[in-house]
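Encoded as structure tokens, the structure appears first; notes follow it.
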Amino acid sequence: MKKKTKKITVRDNSYMEEATRFIGETMQEMKLPSKLLINTELMAEEMIATFVQHAPEGKESELSIRIGKSMGDISVEITMPGEEFDPVKPKSVDLEIADDGEAESAIRSILLNSFGEKLKYSNRNHVNSVRITAGKAERSNLVLTMIALALGIVVGVLAVCCLPESVTNGMDNYVLTPIKTIFMNALKIIVGPVVFFSIVTCVSQFKNLAELGRMGIKIMGMYMFTTLIALGLGLANSFLFQPGTWEGALVEGLDVQQVTESGSASTNLIDTIVNIVPSNLVKPFLESDTLQLIFLAVICGVAVGLIGKYSRVLTEIFEACNSLFLTITTMIARFIPLAVFCSVTLLVIEVGGKTLLHLLGLLGTALFAIGCMMLVYMILLALMGRVNPIRFMKNNREGMLTSFSLSSSNAAIPTNLRVAQKKMGVAPKLANFSIPLGATVNMDGGVITQAIMALFLAKMYGVEVSSSALISMCVTIVLLSMGAPGVPGAGIVVLSTILASINVPTEALGLVIGVYSIMDMFTTMSNTTGDMVATVIVANSEKLLDREVFYAGGKRRKKEGEKS
């Protein structure tokens with residue numbers, strides 16, 4: 001479909017209704033799913049409102065909106081004359097004492113920042129411009145990945161049962177293995193830069209969040225608390241069920257020679273601590289040393305804010321580099337379905353059905369651990385939030401289903417914002433701050449699955465994880481959970497980084513890439529549920545929770561509105 005453009009002259013308040021109607025109708029014609037449509041409309045409204053605030057005073061300004069498709073994604077491009085501003089960097093403001101305008105500006109900045117690479121802003125010749133990606137291709141990629149998983153199993157079984165061994169070997173050597181190797185090599189290219197630049201930008205974000213006052217500190221404290229609980233559950237379930245070791249791990253069917261000579265990730269805790277500080281700037285990137293990369297990123301992120309007039313320049317450079325490598329990650333992620341097909345087919349051909357049973361054991365362990373985390377949420381709600389956890393789960397059904405179906409915390413923000421305010425009874429001032437922030441830095445489900453998968457692959461590859469290596473892995477998981485890039489395929493990049501910290505080769509990802517997409521749906525649901533739990537608990541402590549709305553599930557407010 002060709003691009004559609006509309007120009008609107010901003011004279012009165014009718015411009016917003018006209019703009020949103022054009023965006024909604026056009027994206028419906030392009031058959032964008034309703035949840036993604038709502039998400040895109042929300043971002044567009046926020047940016048249009050900000051553009052109008054920065055438009056030249058005393059003049060009629062023209063708002064231009066263009067909608068089109070590119071590589072399967074539907075994008076909305078908005079332009080309007082005005083002074084340059086930073087849409088994701090709020091000024092110092094304490095939410096407890098700020099007026100409504102200042103609080104709204106700070107919350108809008110955090111909300112827009114949570115959308116990551118889906119929103120790209122620029123200003124040229126005093127004209128503000130933003131490109132918003134709706135993400136239809138991301139949703140399609142998930143469907144294709146599931147289809148590729150099923151096809152890989154079918155083709156692998158047919159190859160083993162029906163094709164001559166020479167044909168099967170030819171498929172392996174000349175088609176499946178080369179494609180899988182190319183994909184894994186592409187991941188290796190971006191691991192170091194993605195981790196470094198994501199953490200640098202994350203550290204600068206925390207600095208701004210600290211300026212938001214007591215409410216921001218409470219929210220971040222709750223997110224860190226639940227993250228540590230999630231890590232403990234992931235490790236406990238991994239050691240309890242030990243997926244990958246039943247009847248002996250199938251190490252003989254895997255390429256164990258790719259594991260390093262030591263066969264162990266580290267020797268002692270002192271060496272691990274000493275090695276956190278690199279001897280030069282290049283080595284961590286060349287060797288993809290996770291802890292050294294994180295150390296450099298944190299140091300750079302803190303130092304950027306301490307060098308005066310050059311801070312803004314360096315911040316823009318780091319953010320530009322972060323944007324570059326996240327875009328590359330998104331491009332590589334488009335080939336995940338192909339990589340899944342090749343990996344699963346190779347698994348069936350090379351190591352047979354027993355490894356598939358091990359993968360089902362991995363999936364079952366991860367899902368059980370996530371179920372345990374849900375139980376922990378209910379206990380926290382009862383003890384700290386002083387609310388009925390069963391009522392909470394009923395109120396949160398829509399948010400959980402949305403997160404599950406979209407497999408994206410960012411894409412579920414509009415639904416979760418509505419649930420927090422309309423069904424949970426959380427004051428908008430807190431909900432609009434906490435939910436977008438949680439979608440960026442709170443990844444409880446991700447922490448659980450990353451820990452379980454990392455230890456599973458270590459067992460499958462015969463790598464002994466020492467106590468110091470386990471500590472290194474835990475630190476890496478926690479830090480990466482807060483700085484993980486919010487783009488498709490980022491979870492695979494994060495997992496490859498964690499594997500490096502325990503000396504497991506990147507090629508091990510080929511074992512789990514097929515089931516990762518299934519786990520990702522449950523992981524996202526746990527992530528967003530954790531955001532909602534923390535929001536309700538802090539709302540209760542701040543006396544910003546309407547209990548009548550909470551226990552009515554939003555029905556009381558609706559009836560009052562009908563009466564009025």
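Here, residue 1 is the first one in the sequence, and each next residue gets the next number. What's counted below: heavy atoms across the whole structure, side chains too, no hydrogens, waters or symmetry copies.
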Show your working on side-chain contact (heavy atoms from CB on, under 4.5 Å) between E398 and R418 and close with a plain yes or no. CA-CA 10 Å; E398 183 184 0; R418 186 174 68 255; 2.3 Å; yes
Going through the checks in order, is the side-chain contact (heavy atoms from CB on, under 4.5 Å) test met by N442 and M222? CA-CA 9 Å; N442 187 43; M222 277 303 305; over 6 Å; no
Can you tell me if [X] uses its side chain to pair, donor with acceptor, with the backbone of [Y] under 3.5 Å?
X    : Y    : result
S526 : F522 : no
S472 : S468 : no
T177 : D172 : yes
S343 : V340 : no

Using the side chain to side chain donor-acceptor pair (under 3.5 Å) criterion, which residues pair with E77? Sequence neighbours excluded.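 Per chain and number, E77 pairs via side chain to side chain donor-acceptor pair (under 3.5 Å) with R66.
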If we only count heavy atoms from C-beta on, is the [X] to [Y] side-chain gap below 4.5 Å?
X    : Y    : answer
T365 : Q242 : no
F196 : C300 : yes
C474 : L231 : yes
N396 : V419 : yes
I336 : Y516 : no
I370 : T449 : yes
F341 : V155 : yes
L359 : L363 : no

Which residues pass the side chain to side chain contact (heavy atoms under 4.5 Å, CB included) test with A508, not counting sequence neighbours?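 For A508 the side chain to side chain contact (heavy atoms under 4.5 Å, CB included) partners, ignoring immediate neighbours, are L457, Y461, L499, V504.
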Residues two or more places apart in sequence or in another chain: which of them pass side chain to side chain contact (heavy atoms under 4.5 Å, CB included) with S238?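 Result, side chain to side chain contact (heavy atoms under 4.5 Å, CB included) vs S238: I452, L455, K459.
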Once rounded to the nearest 0.5 Å, what's the spacing between atom [atom1] of [X] and atom [atom2] of [Y]?
X    : Y    : atom1 : atom2 : result
I413 : T402 : CD1   : OG1   : 12.5 Å
M519 : L367 : CE    : CG    : 8.0 Å
E464 : N503 : CD    : CG    : 12.0 Å
T181 : L176 : OG1   : CG    : 10.5 Å

Let me know which of I67, T40, I74 forms a side-chain contact (heavy atoms from CB on, under 4.5 Å) with I132.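 When side-chain contact (heavy atoms from CB on, under 4.5 Å) is applied between I132 and each of I67, T40, I74, only T40 qualifies.
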Can you confirm whether F404 is buried at CZ, in the sense that more than 12 heavy atoms of other residues, nucleotides or ligands lie under 6.0 Å from that atom?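 Counting neighbours around CZ of F404, more than 12 heavy atoms of other residues, nucleotides or ligands fall under 6.0 Å, so yes.
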If you measure only the distance, is there a donor-acceptor pair under 3.5 Å linking the side chains of Y223 and S434?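 Indeed, the side chains of Y223 and S434 share at least one donor-acceptor pair under 3.5 Å.
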Mind checking whether F197 and F325 have parallel, tilted or perpendicular rings, split at 30° and 60°?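 It falls in the parallel class, under 30°.
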The single option from T226, T529, D444 passing side chain to side chain donor-acceptor pair (under 3.5 Å) against Y377: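 Only one option passes, and that is D444.
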